[in-house]
Every structure is written in C-alpha cells, then in structure tokens.
Protein chains: 2
Amino acid sequence: MSINHDDVRAPYLQLADILRERIAKGEIAPGKRLPSLMDMEREFGLNQKTIRKSLAVLKDEGLIESSPGRGMFVKAQPDDDRAEDGD
Amino acid sequence: MSINHDDVRAPYLQLADILRERIAKGEIAPGKRLPSLMDMEREFGLNQKTIRKSLAVLKDEGLIESSPGRGMFVKAQPDDDRAEDGD
DNA sequence: CACCATTTGTTCGTATGTATG
DNA sequence: GCATACATACGAACAAATGGT
C-alpha cells in the first residue's frame, strides 16, 4: 500500500485509510505501537506534518492513542471480539 | 510482575504500580526497607534513573520515604487500619 | 580515627518520540 | 523539512550519608 498523489483524496486521508485497515486486519494489534513518525515518513514518503494529520484523524476516531515520549498505540476496540477479558 | 516496554504506560509508571501493589498487599510492610536501587535494576531490568522516577512518584504519594545511605522505607499508612487508635 | 561497601542524591550527556510552530 | 519544547529512558560519574570492620 502506498500514497497516490494523483488521487482525489488527500494524502493524509489515504494514509489514515491505510492505517485504519492495518488496524482492522489486526496487522497492528491492540496495545501495539505504531511505526514512529520517522518510520512512516520513510515508508510513505510523506511529510511528518501530513502523517500527524492522519494520526489525528485516527486519534479522533478513538482508534489510537499517543503516549508522549513512547509512541502511538492501538487502542483496544470496543467492537473487537477477541480477548475482551485479557490474554 | 515485570515491565513491558511495549505497553502504552511508561515503564516508570508500571514499576510504581507494581511497588504500590506490593506495599498495599503488605508484601513490603510499613517500616520495612524496599529493595535497593541496584537490586531493582537487576530485578526489573530498568535504569537506576527510571527506578528513581518511580520512587519519586511513591514518595510524592507519601507511601515511602528515603534515608540516604540506608535505603527506601515504607511509611506507615494513614488509612492503615491496625492500631490506629485502639482505645 | 581511617577504610570500605552499600545506598541514596545529584549532575552531566545521549537517544528516541510526541507536540507545536 | 527544520527548530524548539517537553517526556521518557539509558549511561556514566561523582557526592554524601550510613554501617561495619
């Protein structure tokens, strides 16, 4: 998956989409850390600001949470029916 | 109990949690000495500074007190219901 | 007294990561 | 992309207090 700059959709929305899908698929499981901003800069060829904008969307959706100095983490989803009571 | 570096919670908060629980359970009774910084370094695999930060939290909460050259001690808790005022 | 081992206290630096401009 | 600020974690060194010999 990558960003298409010719797409109608803004890059930050495309990225939000990509990440949302990875989370939905469990590729990044709840409680796990997302790649760092620098990593995503490299991976998607986007500006840090653009990436932060994407993350803001996901944060707003309650999908992820940030832990200053540690990273961005996938929150346990309410409609996630695996391991509700622990692992 | 151990520290999970992939957790959203910062290690120093995890450690503070662990120690708080040990104290609450009476595993480290009031007046007793906590393990030394070096001991905790070994036990939890954390840097001495990180451990100090945890202890600073507990000190701030009034759970423990430090005695330079001697160690860290569990303070008698105000809400400790033994012989508070046994008439 | 001096010496040493142990333990806490303090300060310097380095690296990573988030937040903001 | 960069600069700044802040939070977190690790490393190393030195100081000061304590206790035992």
Side-chain angles (χ1 to χ4, degrees), chain A residues 2-5 10-16 18-20 22-23 27-76, chain B residues 1-23 27-77:
Chain A
S2 60
I3 304 299
N4 176 14
H5 288 268
Y12 85 94
L13 288 177
Q14 293 182 49
L15 176 54
I18 293 172
L19 294 177
R20 203 182 291 108
R22 287 193 185 173
I23 292 170
E27 292 175 24
I28 314 175
K32 288 288 181 182
R33 218 202 63 179
L34 271 70
S36 72
L37 295 178
M38 267 178 45
D39 280 347
M40 292 205 249
E41 265 188 81
R42 282 189 289 267
E43 180 174 355
F44 299 106
L46 291 177
N47 193 287
Q48 200 178 91
K49 268 189 186 169
T50 307
I51 296 170
R52 273 197 262 115
K53 194 156 183 177
S54 301
L55 296 176
V57 171
L58 301 184
K59 235 191 289 190
D60 200 61
E61 293 173 0
L63 255 78
I64 64 175
E65 61 186 321
S66 64
S67 181
R70 303 199 35 75
M72 314 281 311
F73 293 81
V74 178
K75 288 190 12 183
Chain B
M1 258 305 186
S2 60
I3 305 298
N4 176 14
H5 286 266
D6 286 336
D7 199 293
V8 213
R9 287 170 63 72
Y12 85 95
L13 288 177
Q14 293 182 48
L15 176 54
D17 236 51
I18 292 173
L19 295 176
R20 204 182 291 108
E21 198 175 309
R22 287 192 185 174
I23 292 171
E27 292 175 24
I28 313 176
K32 288 288 183 185
R33 217 202 64 178
L34 272 70
S36 73
L37 294 177
M38 267 177 46
D39 280 347
M40 292 205 248
E41 266 188 77
R42 281 189 289 267
E43 181 175 354
F44 298 104
L46 291 177
N47 190 284
Q48 196 178 97
K49 268 195 184 167
T50 306
I51 296 169
R52 280 182 196 281
K53 195 155 186 176
S54 301
L55 296 175
V57 172
L58 301 184
K59 239 189 288 190
D60 199 62
E61 292 174 1
L63 256 79
I64 64 175
E65 60 187 322
S66 63
S67 177
R70 303 203 321 114
M72 315 281 311
F73 295 82
V74 178
K75 291 196 354 190
Q77 295 317 306

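Please read these numbers as outputs of a predicted model, since none were measured by experiment. Reminder, nothing fancy here: chain letters follow the sequence lines and each chain counts from 1.
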Report the residues that fulfil side-chain contact (heavy atoms from CB on, under 4.5 Å) with [X], sequence neighbours left out, ordered by chain and then residue number.
X: A/Ser66; value: A/Lys59, A/Met72
X: B/Val8; value: A/Glu65, A/Ser67, A/Phe73
X: B/Glu43; value: B/Arg22
X: B/Asp60; value: none

Task: Residues in side-chain hydrogen bond (donor to acceptor under 3.5 Å, both in side chains) contact with A/Arg33, at least two apart in sequence or another chain - done: none
Specify the separation, in whole Å, of atom [atom1] of [X] and atom [atom2] of [N].
X: A/Glu41; N: C/dG17; atom1: CD; atom2: P; answer: 12 Å
X: B/Gln14; N: D/dT8; atom1: CD; atom2: P; answer: 13 Å
X: A/Lys53; N: C/dG21; atom1: NZ; atom2: P; answer: 14 Å
X: A/Ile51; N: C/dT20; atom1: CD1; atom2: C1'; answer: 16 Å
X: A/Asn47; N: D/dA3; atom1: CG; atom2: C1'; answer: 14 Å

- [ ] Taking salt bridge (Lys or Arg N to Asp or Glu O under 4.0 Å) as the test, write out the residues that go with B/Asp17, two or more places apart.
- [x] B/Arg9, B/Arg20
Task: Residues forming a salt bridge (Lys or Arg N to Asp or Glu O under 4.0 Å) with B/Glu21, sequence neighbours excluded - done: B/Lys25
Task: Validation row: A/Leu58, A/Leu19 side chains within 4.5 angstrom (heavy atoms) - done: yes
Might you list the N or O atoms of the protein lying below 3.5 Å from N or O atoms in nucleotides 11-15 of chain C, with each pair's distance?
from, atom 1, to, atom 2, distance (Å)
C/dC12, N4, B/Lys49, NZ, 2.3
C/dG13, O6, B/Lys49, NZ, 2.8

Show each protein N/O and nucleotides 5-9 of chain C N/O combination with a separation under 3.5 Å, one pair to a line.
from, atom 1, to, atom 2, distance (Å)
C/dT7, O2, B/Gly69, N, 3.4
C/dT8, OP2, B/Leu37, N, 2.9
C/dG9, OP1, B/Ser66, OG, 2.5
C/dG9, N7, B/Arg52, NH1, 3.4
C/dG9, N7, B/Arg52, NH2, 2.6

